[in-house]
Trainee: 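I am attaching a structure below and will ask some questions about it afterwards.
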Amino acid sequence: MTAQKPFYITTPIYYANAELHIGHAFTTLAADTATRYQRAMGREAWFLTGSDEHGQKVEQAARAKGITPLQHTDALVEKFKALWQRLDICYDDFIRTTEERHKKAVRHVLGQLYAKGDIYSDTYTGWYCTPCERFWTEKEVPEKLCPDCHRPVEELQEKNYFFRMSKYQQPLIDYIKAHPGFIRPENRRNEVLGFLAQPLQDLCISRPKKRLAWGIEIPFDPEYVTYVWFDALTNYISAIGYPDDMARFHRYWPASCHLVGKDILTTHAVYWSTMLFALGLPLPEMLFAHGWWVLSGGKMSKSVGNVVNPLDLVEKYGLDPFRFFLFREMVFGADAVFSEESFILRYNADLANDFGNLCQRTLPMLLKRRQGKFRRGPATLPQTAEIAALARAVKADYIAAMEGFLFHEALKRTWDLISRLNKFIDETAPWKLAKEEKWADLDEVFWTVGEGIRFCAHLVQPFMPHTAPKFLEQIGLPATFLPLPQLEWGQLPDGTVCREPSPIFPRLDTPRIESLKKGEKAEKSPKGEKTAPASTGVSPAAGQATGGAPAAPPAAGGATGEGLIDYDEFMKTHLAVAVVETAEKVAGADKLLRLTVRLGEETRQLVAGIALHYTPEQLIGKQVVIVKNLKPARIRGVESHGMILAAGTPDGGLAVVTTDRPATPGIRVK
RNA sequence: GGCAAGGUAGCUCAGUUGGUCAGAGCACACGGUUCAUACCCGUGAUGUCGAGGGUUCGACUCCCUCCCUUGCUACCA
């Protein structure tokens, strides 16, 4: 058995002069997903990310704040890491270019190439803008004025070091042509080849310290630091032990994949590749350049209020749905449009309706009819073998897609199985089988669906590492995954007992989309407007009507001014603890539940508009808080004596207010 | 400007070497169903396949022209 080389994947190291945004997050999430997939395949994986901390902008930013560059980057690195934690990024190493291990590698690389003659010094003449501290080319300053600040530039000579990149132009062209899978996607590969059709200039790789001190000193000239390319790109090898621990280095190198945004493809495809040529190191197996998320309405961001920071949706709707959306919606490699509306549409269609509801429509029936037990008998239904075959085909296609970083294809294919299972339920109509007491057929249907859920949970796991285990738990399995190569159809054990399901992907209110479309201020919550945790009242309209209320209304500043009530006024509202004794749907109303609740000795009936979010079973026995002295009302002909308190959840659902520990039924809440 | 890719149903896109290739998903309409998260299943409509011309028995699929969109065009101290 030959040990497979570990999967080594990298993100770019992000420049530590500003905070990160969706672009950085997306690259990193993609690497994370790829890493999780490789681990799911049973392959060892090493996932590197990090920070690029030298250079003029960092130096300037630090100076502006009156701190040292390192203090500045220390703070930003903390923010980087906080974001990765928030996105649950499973990186193995975080390299900082200010670390000694990195600086040492850079010096080693420079020294080696200098000795080899691939780095040389030369003196050039250019146009320098002193205030901006930068050079311009002859072409850029036809008027001899700085394009940035429009002040005069002066002609200046400066000595610098150059990397003999041109020397490796032809070898690189040959290499790319000989390795079709090296640069992906295909169109990017063509762009690089197009780029290389022009003569390649050598690369200036230094800055005199008098102009830029914040950098890694060039080993053969203490007057200079190296500039960006050799500093930053070298991280991919310095982080895995180059040059001190070559055994470790060779274990991981060449990288399986450098994942980059399309904007820095050339840097990697040309600069980095030629650097590796010069060093005599093999090139990475793959360079994947993905596209951008284009924010819808971004161009009008000032006037239109509906531009969202994509990362805000993580808190609003959950990390896993967010991740799912990113990789299902975008053709990986191409650009895609990001909008909250498309997120909600995708979420409802794929997650809530198709996958989530697959559990929700099956497990309650299984519990009711078969004590929750999946029973495996002889397969006699015609669809069973077909679905098994589909599952196998889906898995094979899924793996093929994932190996090629075609995330959207992998997910799309997985949903073929989910759709088939939904259709299967329709075809076999288990509710009819139950009525007709065809237990063997019924068991076969349940087992097949349960097995399908298990199967899909495995496939979806790299994308949704938190919710995928929930699917396993709901069907009664431990929340652990088989390595994908071992995943086969038919492994759901006979006798597995499912759990009481609760929606994993609660449906999001569509009114929210309407309000988004209209550019209404669904995101803003002007004070005075009723945004606060809307109590779900006796009125069926209450709660739902405000379903579009923001998930986390900003805790409006200090409590001053109008709208405040005193204690006595508050005490006019009599809140009390109650225990739900019975619950049932109100006939002819979708959202209403008729409840009887016990308050100490007293029992009373009330109506709550929460049927879309709670089943009667979920409520019975639950301690709730009710408004006791609300004027009785008749709703759909049912008497209601009080109302239950509930609050909106980030996903647009509803959470009933309960007590932290059992309280005395009937006792006043204050 | 140069190079490259693309313009196919309201939206996002599939469409191998020319002959059921006019499709999928979403959205929409209608029907079915009731287990389920107003869900699922089925059916349907809409398209001059960017425009014009050409090759061919026949072109979304090949050739030419035009229009439009997008990407790349590093580094140059």
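All values reported here derive from a predicted model rather than from experimental measurement.
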Trainee: Looking only at atom P, what distance separates B:U55 and B:U61, rounded to whole Å?
Mentor: 15 Å
Trainee: Hunt down any stem RNA chain B takes part in, defined as 3 or more consecutive Watson-Crick or G-U pairs whose two distances are each under 3.5 Å.
Mentor: B:1-7 with B:67-73, B:10-13 with B:23-26, B:28-32 with B:40-44, B:50-54 with B:62-66
Trainee: In whole angstrom, give me the gap between the C1' atoms of B:G19 and B:G31.
Mentor: 36 Å
Trainee: With rounding to the closest Å, how many angstrom separate the P atoms on B:U65 and B:A5?
Mentor: 15 Å
Trainee: So if I apply the ring-ring contact (aromatic ring centres under 6.0 Å, His included) rule between A:F324 and each of A:Y347, A:F355, A:W415, which one comes out positive?
Mentor: A:W415
Trainee: Between A:E340 and A:K316, does any side-chain N to carboxylate O distance fall below 4.0 Å?
Mentor: yes
Trainee: For B:G42, does either OP1 or OP2 sit under 4.0 Å from a side-chain N or O belonging to A:K423?
Mentor: yes
Trainee: What integer distance in Å separates A:Y128:OH from B:C76:P?
Mentor: 14 Å
Trainee: How about A:F322 and A:W293: are their ring centres within less than 6.0 Å of each other?
Mentor: no
Trainee: Take atom NZ of A:K144 as the centre, draw a 6.0 Å sphere, and report whether it contains more than 12 heavy atoms from other residues, nucleotides or ligands.
Mentor: yes
Trainee: A:F325 ring centre to A:R346 NZ or CZ under 6.0 Å, with the angle to the axis within 45°?
Mentor: no
Trainee: So what does A:L156 touch, heavy atoms closer than 4.0 Å: a base, only the sugar-phosphate, or nothing?
Mentor: base
Trainee: Between A:R420 and A:E427, is the salt bridge (Lys or Arg N to Asp or Glu O under 4.0 Å) condition met? List the steps.
Mentor: CA-CA 10 Å; A:R420 185 64 188 89; A:E427 289 168 350; 3.2 Å; yes
Trainee: Looking only at atom C1', what distance separates B:G10 and B:C21, rounded to whole Å?
Mentor: 22 Å
Trainee: Could you measure between the two C1' atoms, the one in B:A74 and the one in B:G7, and give it in whole Å?
Mentor: 29 Å
Trainee: Suppose you measure atom C1' in B:U8 against the same atom in B:C13; what distance do you get, rounded to whole Å?
Mentor: 9 Å
Trainee: Roughly how many Å apart are B:C66 and B:G2, using the P atom of each and rounding to a whole number?
Mentor: 12 Å
Trainee: Let's see if you get this right: which residues in residues 186-203 of chain A place a heavy atom under 4.0 Å from RNA chain B?
Mentor: A:R188, A:E191, A:F195, A:P199, A:L200, A:Q201, A:L203
Trainee: Taking the P atom in each of B:C26 and B:C63, what is the distance between them to the nearest angstrom?
Mentor: 35 Å
